[in-house]
Structures are given as structure tokens and as C-alpha cells.
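Side-chain atoms are counted along with the backbone in the values below, which use heavy atoms only and exclude waters and symmetry mates. Here the structure is a predicted model, which means the values were calculated and not measured.
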Amino acid sequence: MIKPLLPNKSRGVARVDDRRVLNGIFYVLRTGSPWRDLPERYGPYTTVYNRFNRWAKAGVWLRVFETLAARSPHSMALIDSSIIRAHQHAAGGKKGAKHAIGRSRGGLSTKINAVVDENGLPVRLMLTPGQAHDLRAASFLLEGLKCRDVVADRGYDADALLHMIRASGAKAHIPSTSQRVIQRSVSRRIYRQRNLVERFFCKLKHFRRIATRFDKLACNFLAAVALASARLWTRVYESTP
């Protein structure tokens, strides 16, 4: 499934084996170590970094994730976000570009917004600045997503989003905020499954280079999140007989 998505260099010097380079990239993502500290068994760190950076800009890593996520049954969508502290090395990007870094209560940070399915596997991903409200990404994450139920916490309680969910044919399981005059009832059995998206973020942050953001460019950090999410998907395929 993944091999056809990787660029095929047919001319010039043969490139370093993709599996070896990808293992090097996963080593950095998992340990959080600088690229320069990559062990020699993965080859020159410049080769590994350049491959990651070049394919991130080309959208290769996102396409790999989206191809795997397309196998989701899409019967339930659970949406939430998680704050990621931005390291000082992530600051200082070029002015005018969108780096998805903002100043929240804890300092410079980025927010990962995600939708997972009923198996706790990621389906959609988006980055926003740390101070951005969750509703800012909700419509993008749910747009065109065919599912039966949408589960979220009361931070997503907004008339526009509820109308969008109903228009798509799904049912919203979102508790009402205290400002609502008429409180909506939410199925406790279904709402309890919201822990699946929280457990996804917990698994995602096992990759230490995602638990703390070191990348200046938003496209590189999103590529790292997509790669880690793709790894969660491949584990499912590997365990399937």
C-alpha cells in the first residue's frame, strides 16, 4: 500500500534504501534526538534528514497517512485536541509564513487537532496555534467525513457545528455548555468512548519529537505527526492475520 506512494527515482545515482532511511526517521521521532546524533547504522544523518524534509514538502508523508486512514470504517468520529509545547529551537521561523505556533498560558505551543474512529485510529489531522479555540479546526476535520456518530466534549458546543453535523446525516454527542437554556441529553454509553481520542494522543506522545515540537516549519511537524499516526495504523495491519 505504501510503496507506490514513495517517489520513484529512475535516473542518476541510486538512492539509499527507503526502509533504512525510514527506520532512521522513526528513530529520531521516537527518541527525540537531534538529527546529528543519528546512529551510523542508519547512514549519514544528512541523507535521512534531507529525505524527511524533501518528502514532507512534497506531501508524501501525509499521503501515506491518508491512504492508511482511508481504510477506516468511519462509523464513529471522535474529535479532540492536545497542546504541544514548542521548544525554543522551533521559534524564529521566517516572518509571514504560517508556523502554527502561538503563545498560550504555558508559553509557545502548537495544538494538534485530530479525529479518530471507533478503534481509536486517526482519520484526520490538523495543526493550529496553541491559543486557537478547538472550534477553529472542527469544521475542517469533519467536512466530508461520512460517519454515524460524532463525539466531542462541550468545548465543541456551537450551533454552526451542530448544524453541520446534522446536515451530514450524523448525530452529535456533544454536551451542552452551562450557558445553554435548553440542555441536550447525551448518551452516556457513547460519550464514554471519547477516551479513545485521549488514548490516541497518549500513544502519539510516545514519540518524543512530537511530545515536544522542535521543527520550525509547520509542514515538517505535521509530517512527523502524520508519520507517527501512520505507524499506529501499520501496527494494526501487522497484527492482522
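Side-chain atoms of Arg180 never come within 3.5 Å of backbone atoms of Ile182 as a donor-acceptor pair (strictly under, hydrogens ignored).
Cluster annotation: Leu161 and Val186 are assigned to distinct hydrophobic clusters (Ile/Leu/Val/Met/Phe/Trp/Tyr, side-chain heavy-atom contacts under 4.5 Å, transitive). Transitive grouping of hydrophobic side chains (ILVMFWY, heavy atoms separated by less than 4.5 Å) keeps Leu135 and Leu125 in distinct clusters.
Arg213 and Thr110 share a donor-acceptor pair across their side chains, judged by distance under 3.5 Å alone.
For Lys203, there are no side chain to side chain donor-acceptor pair (under 3.5 Å) partners at least two apart in sequence or on another chain. Asn195 meets the side chain to side chain donor-acceptor pair (under 3.5 Å) test with Arg199; sequence neighbours excluded. Considering only residues two or more places apart in sequence or on other chains, Asp18 meets the salt bridge (Lys or Arg N to Asp or Glu O under 4.0 Å) condition with Arg15, Arg51. Among residues two or more places apart in sequence or in another chain, the side chain to side chain donor-acceptor pair (under 3.5 Å) test is passed with Asp17 by none.
Here the shortest heavy-atom pairing between Val48 and Gly24 reads CG1-C, 3.9 Å.
Inter-residue side-chain proximity for Asp37 and Thr31 is flagged as unmet; no heavy-atom pair is nearer than 4.5 Å.
Among residue pairs with one or both ends in residues 151-208, none qualify as ring-ring contact (aromatic ring centres under 6.0 Å, His included); sequence neighbours excluded. Applying the salt bridge (Lys or Arg N to Asp or Glu O under 4.0 Å) test to pairs two or more places apart or on separate chains, those with a residue in residues 115-137 are Lys111-Asp134.
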